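Notes for the one structure printed next.
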Amino acid sequence: MQERAIITVVGKDTVGIIAKVCGYLAENGINILDISQTIVQGYFNMMMIVDITSLKLPFDEFSTQLSKLGSETIGVQIRCQKEAIFDAMHRI
């Protein structure tokens with residue numbers, strides 16, 4: 001059964017955001033199922049649905065490293081949540 005996660009990326013637009021995030025995902029065996037991104041007055045916003053079934057490390061470690069990649073390398077905020085948790089938090 002496929003296990004999915006939701007990744008959000010928000011921050012000032014700069015060259016290479018998508019490339020760096022997608023490169024990190026590929027290195028860790030993550031497949032992107034759906035992606036949406038927009039830039040509004042210089043601010044970058046991206047949401048991805050990814051398949052984490054083949055993730056090469058524990059989810060918590062992956063999520064922490066992804067967040068550090070965003071804050072320390074790219075200058076954006078990256079959050080990653082398992083789909084079930086995301087759905088529970090956003091249920092009306």
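One-based numbering along the sequence shown. This one's a predicted model, so the numbers in the text were calculated from it and none came from an experiment.
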In this structure, NZ of Lys56 is separated from CD1 of Ile30 (nearest 0.5 Å) by 9.5 Å

If you group Ile, Leu, Val, Met, Phe, Trp and Tyr by side-chain heavy-atom gaps below 4.5 Å, do Ile6 and Ile17 land in one group? no

For Thr38, the side-chain contact (heavy atoms from CB on, under 4.5 Å) test, sequence neighbours excluded, returns Val40, Asn45

With sequence neighbours left out, the residues meeting side-chain contact (heavy atoms from CB on, under 4.5 Å) with Glu3 are Ile52, Thr53, Lys82

Residue pairs passing the salt bridge (Lys or Arg N to Asp or Glu O under 4.0 Å) test with at least one member in residues 5-33, sequence neighbours excluded, are none

request  = Start with the C-alpha gap between Val76 and Met46, add the side-chain angles, then the distance that decides, and say whether side chain to side chain contact (heavy atoms under 4.5 Å, CB included) holds.
outcome  = CA-CA 11 Å; Val76 296; Met46 177 169 65; over 6 Å; no

dist Ile35:CD1 -> Leu25:CG (nearest 0.5 Å) comes out at 8.5 Å

Query raised in the report: Do you reckon Leu66 sits in the same ILVMFWY cluster as Leu57, going by side-chain contacts under 4.5 Å, direct or chained?
Result: yes

OG1 (Thr8) and CZ (Arg79) are apart, to the nearest 0.5 Å, by 6.0 Å

Would you say Ile32 and Leu55 are hydrophobically clustered, going by side-chain heavy atoms of ILVMFWY under 4.5 Å?
yes

Contacts satisfying ring pair (Phe, Tyr, Trp, His ring centres under 6.0 Å) that involve residues 23-52 (not counting sequence neighbours) are Tyr24-Phe62

Taken to the nearest 0.5 Å, the spacing of Gln37 CD from Ile18 CD1 works out to 4.0 Å

One should read off an interatomic distance between Ile7 CD1 and Ile78 CD1, to the nearest 0.5 angstrom, of 8.0 Å

By side-chain hydrogen bond (donor to acceptor under 3.5 Å, both in side chains), Gln77 pairs with (sequence neighbours left out) none

Interatomic distance, SG@Cys80 vs CD@Gln65, rounded to 0.5 Å, equals 12.0 Å

By side-chain contact (heavy atoms from CB on, under 4.5 Å), Leu33 pairs with (sequence neighbours left out) Gln2, Arg4, Asn31, Ile49, Asp51

- [ ] Indicate yes or no for a side-chain donor-acceptor contact from Ser67 to the backbone of Ser63 under 3.5 Å, with no hydrogens or angles considered.
- [x] no

State yes or no: do Phe59 and Leu69 share one hydrophobic cluster built from I, L, V, M, F, W and Y residues joined by side-chain heavy-atom distances below 4.5 Å, directly or via other members?
yes

